[in-house]
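Worksheet: the structure to be examined is printed underneath.
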Amino acid sequence: MNLSSLGNVPNITSQITTGAPQAGFRCDPSAAARSAGKSVAPGTDSSGIGTLKSIDEAARQGYREDFSIRDAAESLWRKETQAFHLKDLDDPEKSKELLENWRMQARWDLGIQGGPTKDEVISAYIDTLRQNGLDGAVDWNGLAHELKSFQATSPEELEDGLNYMASRYVAALDKLERNYSGEELTVQRAKLEEVYQAGKSGMIDGYTRLLQDNLGISDSDAQAVRDSFSSILTEKENAYRGALKQVNEAMEQTGPDSVWLKNHDAYIASQLRAAGKTGGSTARYSVQDLTAAGQIAQDYRAEIDGASSCGRNEVTLGLNLSMADMKAETMISKGLVSGSMAALLRSGRAQGHENALAALNRALAQRESHRATGEPKGTFAPVDSAVFRGIYDAVMSAYRQNGGDAAKAIQAGTSAGEKLTVQAAARAPKAARWGISMKHYLQEFYKAPEEQEVTLLGLQIKYLTNPKPRTSTYQKYVNSWQDFLSSIGGGVDIRA
């Protein structure tokens with residue numbers, strides 16, 4: 001089963017607003033709710049790694065969609081007519097030509113009539129390619145840019161990214177070996193290895209850092225992840241080499257286009273990927289393993305980022321990290337990850353939890369040291385790990401005992417939270433996140449906003465914005481879990 005669809009399932013923490021001041025904020029509940037789901041700019045985090053889709057897909061030729069002969073010609077046309085060097089700006093004729101090409105492309109993109117059509121321009125360009133062909137040189141800057149775009153690979157694009165990288169390498173190497181020989185071939189191969197190794201290292205290091213920083217995996221496990229990536233890429237390279245003869249023979253059947261297509265390495269790479277799957281792997285961690293781990297790591301990262309900005313407290317961390325771990329346990333029980341990956345996911349949990357609590361503690365200490373005038377000492381009391389641990393343990397225990405019903409497990413966690421937060425308030429009576437604000441949050445947990453206490457301001461806002469019906473915090477957990485089960489082919493089998 002392919003887990004790449006998991007990338008389309010929203011993280012639970014991006015959906016849930018708590019309705020209670022987070023981590024010691026003295027603010028009204030609605031303001032805290034708005035802050036609860038915030039972490040960092042979409043697509044990035046503090047380390048620069050993409051969270052959903054990292055994305056320079058414009059740099060990748062034929063990455064996901066079919067890459068037709070016409071697409072291949074257009075990619076060349078754009079490169080020839082729209083790229084420029086600074087010296088070109090000093091040439092009036094060259095500058096005029098560039099400007100006209102950009103204007104023409106803008107008209108096409110906007111659907112504005114007038115001037116030559118895209119079909120006319122590309123057809124004429126293809127005629128030129130058929131007459132002149134392409135040389136055997138590799139566009140090193142372009143290839144380096146393509147491969148560099150994978151240094152922030154996200155889980156949902158992982159397998160596509162690995163296939164793209166390996167196929168581009170094999171196609172480029174084949175192109176060089178057909179067009180160069182002797183010392184020049186040696187030089188060209190060395191350049192290709194330099195560019196490819198840089199791309200590989202960027203991808204492997206970025207993804208490994210995603211797992212290590214957020215799941216708390218050990219250095220030895222991180223090295224095993226890197227080794228698995230290297231093995232997988234080598235296996236894919238070998239598989240694409242095996243498909244080269246078939247693809248090159250197919251190029252000869254393209255009539256007059258074979259003159260230039262045989263040296264269009266991006267097009268050859270797309271045909272290698274289209275030729276079929278690259279087969280299984282003997283690596284310790286499979287692509288499916290690494291995809292699953294990346295998804296859980298992203299859930300953890302959302303909590304760590306949220307805690308770093310006081311957008312979480314011990315209660316929400318307990319509920320949200322247990323949701324992430326229930327996902328992992330479900331994938332393990334369904335056999336969607338290997339035994340080795342199951343062990344990795346479980347071994348790093350304690351450290352992952354500690355990372356989130358440490359981030360929250362740092363944020364609380366920062367707020368405490370910058371208290372507003374009139375706020376007493378202890379307004380932002382340090383983390384009470386007993387609250388987090390009690391809620392987390394209650395959720396996971398219920399999940400194991402009830403056969404995997406995450407909805408009831410979350411209920412158990414909130415029930416435990418009622419007692420634990422009262423105890424926390426007794427230990428730190430001046431902490432703003434306990435007491436009345438937390439009691440209100442837990443009381444309203446199962447209520448849709450329409451059922452909660454209505455104020456005149458709330459009615460005015462509702463009248464002005466005409467919002468869609470909203471669901472309770474609890475129902476958002478339920479909906480997120482249902483989405484997760486559907487994404488792994490498990491159906492919707494939990495009860496709200």
Side-chain angles (χ1 to χ4, degrees), residues 43-51 53-64 75 79 83 85 136-177 179-180 183-213 219 222-241 244 263-270 272-273 278 281 283 285 287 290-291 294:
T44 63
D45 69 352
S46 57
S47 67
I49 300 175
T51 54
K53 222 175 142 185
S54 48
I55 275 350
D56 195 359
E57 283 193 20
R60 308 170 185 177
Q61 300 185 57
Y63 173 49
R64 291 181 185 276
S75 72
K79 187 182 300 181
H85 301 284
V138 170
D139 175 11
W140 296 119
N141 288 335
L143 182 61
H145 182 50
E146 289 179 48
L147 301 188
K148 185 178 180 180
S149 71
F150 288 98
Q151 66 184 352
T153 299
S154 59
E156 73 270 18
E157 67 178 353
L158 180 59
E159 184 157 26
D160 283 342
L162 289 165
N163 289 336
Y164 187 93
M165 190 165 290
S167 64
R168 287 294 279 121
Y169 168 72
V170 170
L173 180 58
D174 176 61
K175 177 179 179 177
L176 294 177
E177 291 177 341
N179 288 278
Y180 294 93
E183 183 62 26
E184 184 61 25
L185 175 58
T186 301
V187 172
Q188 293 291 316
R189 278 176 173 163
K191 181 62 177 177
L192 176 58
E193 290 301 323
E194 177 188 344
V195 170
Y196 183 53
Q197 292 303 322
K200 281 173 59 175
S201 295
M203 179 191 221
I204 293 171
D205 291 346
Y207 203 88
T208 303
R209 189 168 64 250
L210 168 69
L211 304 189
Q212 193 164 27
D213 289 353
D219 289 343
Q223 186 57 52
V225 167
R226 292 188 180 93
D227 292 342
S228 293
F229 269 114
S230 295
S231 295
I232 290 167
L233 280 167
T234 297
E235 290 164 348
K236 289 181 179 295
E237 292 160 21
N238 291 336
Y240 287 132
R241 285 191 184 97
L244 265 174
N263 278 337
H264 195 308
D265 47 308
Y267 181 77
I268 297 296
S270 73
L272 288 173
R273 296 193 298 275
T278 54
S281 174
Y285 302 123
V287 176
L290 295 168
T291 298

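Each residue takes its place number in the sequence, starting with 1. Computation of the quantities below employed the complete heavy-atom set of this structure, encompassing side-chain atoms and omitting hydrogens, waters and symmetry-equivalent molecules.
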Residues that E193 engages under salt bridge (Lys or Arg N to Asp or Glu O under 4.0 Å), provided they are two or more places apart: none

Kindly give the heavy-atom pair with the smallest separation between [X] and [Y], and that separation in Å.
| X | Y | answer |
| --- | --- | --- |
| Y285 | S228 | N-OG, 3.1 Å |
| A171 | A269 | CB-N, 3.7 Å |
| T208 | A222 | CG2-O, 3.7 Å |
| G294 | P155 | C-CG, 3.4 Å |
| V170 | L272 | CG1-CD1, 4.1 Å |
| L176 | L185 | O-CD1, 3.6 Å |

Side-chain H-bond candidate by donor/acceptor type, Q223 with D227, under 3.5 Å: yes

Heavy-atom side-chain contact between [X] and [Y] under 4.5 Å:
| X | Y | value |
| --- | --- | --- |
| L143 | V138 | yes |
| R273 | D160 | no |
| L162 | T153 | no |

What distance do [X] atom [atom1] and [Y] atom [atom2] have between them, rounded to the nearest 0.5 Å?
| X | Y | atom1 | atom2 | value |
| --- | --- | --- | --- | --- |
| R168 | S270 | CZ | OG | 9.5 Å |
| Q151 | I204 | CD | CD1 | 13.0 Å |
| L147 | Q197 | CG | CD | 10.5 Å |
| E177 | R189 | CD | CZ | 4.5 Å |
| T186 | Y180 | OG1 | OH | 13.0 Å |
| S281 | K236 | OG | NZ | 8.0 Å |

Side-chain (K175) to main-chain (H264) donor-acceptor, under 3.5 angstrom: no

Aromatic ring pairing Y207/F229, orientation class (parallel under 30°, perpendicular over 60°, tilted between): perpendicular

Side chain to side chain donor-acceptor pair (under 3.5 Å) evaluation trace for D219 with Q212: CA-CA 8 Å; D219 289 343; Q212 193 164 27; 2.8 Å; yes

Steps toward side-chain contact (heavy atoms from CB on, under 4.5 Å) verdict (Y240, L244): CA-CA 6 Å; Y240 287 132; L244 265 174; over 6 Å; no

